[in-house]
Amino acid sequence: MEVTTLGYALLGLLARESLSGYDLAQRLRGRVGFFWSARHSQIYPELARLEGAGLVRHEVVPQADRPDKKVYTITEAGLAALRAWVVAPVAPAAPRDELVLKAYSLWLADPAEAAALLREQERLHREHQTGYEARLARLEATFGAALREPGGPPFATFLALSRGIGYEREYADWCGWAADLLTGARR
């Protein structure tokens, strides 16, 4: 079985802790949402494929007030597959950025309206940047210098968050710069 990128995302989460499908969906939105996303409806079929391939297993956990839940755990085969995938070459992703596509035709728009669109995007990216910086500050408070030592999930989270912060900062800067050009403002 060929594992999908979503499958590897799920394996990466399960390598940290055993989780239910619902918990996996929450982690995808929260912990890895800034660099990978999936719809809730994609998770359970992917878990079934991973289980069929022997990469995860589940245990049914009875619940008194709700239906029983399945808690998934990565297997040794799943860890081996994840370890191999983590260092495999990455194919360049095809860029798809609607705002940049709009910028390509921005000469057709009213400059004030275009600047307002860009300012709103700048605000949203700064908001995301601030959120990631707050998460990083919490991690630094918890792990201190150990956060920058390879060998565990905190280090990997530090790497991903640092990339997210850089992405959001650069995107917000670009939006502000482009809006300034449209309005004649100087930075």
Side-chain angles (χ1 to χ4, degrees), residues 4-44 46-47 69 71-72 74 82 85-86 90-104 106 112-183 185 187:
T4 65
T5 308
L6 172 58
Y8 285 118
L10 296 174
L11 289 174
L13 289 166
L14 291 171
R16 287 168 163 78
E17 61 186 319
S18 297
L19 298 163
S20 69
Y22 175 81
D23 293 332
L24 283 163
Q26 295 298 106
R27 300 297 193 285
L28 278 172
R29 272 194 297 283
R31 290 185 184 173
V32 299
F34 72 91
F35 58 89
W36 195 260
S37 64
R39 291 184 312 278
H40 194 83
S41 62
Q42 295 173 290
I43 294 171
Y44 291 99
E46 191 62 31
L47 284 169
K69 70 178 177 179
V71 175
Y72 293 87
I74 193 168
L82 184 59
W85 175 78
V86 165
V90 177
R96 293 178 57 103
D97 189 319
E98 186 178 355
L99 187 60
V100 175
L101 184 60
K102 287 182 178 201
Y104 185 74
L106 213 54
E113 288 180 35
L117 170 69
L118 289 162
R119 293 278 182 228
E120 176 59 14
Q121 289 298 306
E122 178 184 20
R123 185 192 66 74
L124 291 171
H125 284 281
R126 293 275 183 233
E127 191 175 281
H128 289 145
Q129 177 188 343
T130 299
Y132 300 151
E133 288 169 341
R135 287 163 106 177
L136 183 56
R138 287 191 301 273
L139 281 174
E140 287 175 332
T142 302
F143 296 101
L147 188 61
R148 288 165 176 76
E149 295 173 10
F155 173 74
T157 302
F158 166 69
L159 291 180
L161 271 175
S162 295
R163 176 64 193 117
I165 290 166
Y167 170 81
E168 296 297 344
R169 179 182 300 119
E170 192 283 327
Y171 210 114
D173 288 349
W174 176 81
C175 289
W177 170 79
D180 285 350
L181 287 175
L182 285 163
T183 61
R187 275 197 176 213

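All residue numbers refer to positions in the sequence shown, counting from 1.
At least one side-chain heavy atom of Leu118 sits under 4.5 Å from a side-chain heavy atom of Leu99. By the 4.5 Å heavy-atom criterion applied to side chains, Val71 and Asp23 are not counted as neighbours. Considering only heavy atoms from C-beta on, Leu28 comes within 4.5 Å of Leu10 through its side chain. Thr5 is listed as a side-chain neighbour of Trp36, based on a closest heavy-atom distance under 4.5 Å. A 4.5 Å side-chain heavy-atom check between Thr142 and Pro154 finds every atom pair outside the cut-off.
Sequence neighbours left out, the pairs with a member in residues 129-160 that pass ring pair (Phe, Tyr, Trp, His ring centres under 6.0 Å) are Phe34-Tyr132. Sorted by first and then second residue, the pairs that involve residues 141-158 and meet salt bridge (charged side-chain N to carboxylate O under 4.0 Å, His left out), not counting sequence neighbours, are Glu140-Arg148.
Leu47 and Tyr72 get closest at one heavy-atom pair: CD1-CE1, 3.6 Å. Closest heavy-atom contact between Ala38 and Leu6: CB-CD1, 3.6 Å. Shown here for Ala172 and His125, the closest heavy-atom pair between the two residues is CB-CB, 3.8 Å. Scanning both residues, Gly7 and Glu46, for their nearest heavy atoms gives CA-OE2, 3.5 Å. Among all heavy-atom pairs drawn from Leu106 and Ala114, the shortest one is CD1-CB, 3.6 Å.
With sequence neighbours left out, Arg29 forms a salt bridge (Lys or Arg N to Asp or Glu O under 4.0 Å) with no residue at all. Shown here are the salt bridge (Lys or Arg N to Asp or Glu O under 4.0 Å) partners of Glu168, two or more places apart in sequence or in another chain: there are none. Scored by the side chain to side chain contact (heavy atoms under 4.5 Å, CB included) test, Glu113 finds Asp110 as partners (sequence neighbours excluded). Applying the ring pair (Phe, Tyr, Trp, His ring centres under 6.0 Å) criterion to Tyr167, with sequence neighbours excluded, gives Tyr171. Residues that satisfy the ring pair (Phe, Tyr, Trp, His ring centres under 6.0 Å) test with Tyr44, not counting sequence neighbours, are His40. In this view, Arg27 and Glu17 satisfy the salt bridge (Lys or Arg N to Asp or Glu O under 4.0 Å) rule, not counting sequence neighbours. Taking the side chain to side chain contact (heavy atoms under 4.5 Å, CB included) definition, one finds that Ala115 meets it with Ala179, Leu182, Thr183, sequence neighbours left out. In this view, Ser37 satisfies the side chain to side chain contact (heavy atoms under 4.5 Å, CB included) rule with no residue, not counting sequence neighbours. By the side chain to side chain contact (heavy atoms under 4.5 Å, CB included) test, Val86 pairs with Leu82, sequence neighbours left out. Scanning for salt bridge (Lys or Arg N to Asp or Glu O under 4.0 Å) contacts around Glu133 gives Arg169, with sequence neighbours left out.
Rounding to the nearest 0.5 Å places OG of Ser162 at 9.5 Å from CG of Leu139. Distance check: Asp180 CG to Glu122 CD gives 7.5 Å after rounding to the nearest 0.5 Å. For the atom pair Arg123 CZ and Glu120 CD, the distance stands at 4.0 Å (nearest 0.5 Å). With values rounded to the nearest 0.5 angstrom, Leu19 atom CG is found 11.0 Å from Ile74 atom CD1. Distance check: Leu117 CG to Arg119 CZ gives 11.5 Å after rounding to the nearest 0.5 Å. Put simply, CD1 on Ile43 and CD on Gln26 are 9.0 Å apart, with the number rounded to the nearest 0.5 Å.
Checked for salt-bridge contact, Asp97 and Lys102 miss the test: no charged N lies under 4.0 Å from a carboxylate O.
Between the side chain of Arg16 and the backbone N or O of Gly12 there is at least one donor-acceptor pair closer than 3.5 Å.
Heavy atoms of other residues, nucleotides or ligands lying less than 6.0 angstrom from OH of Tyr22 number 12 at most.
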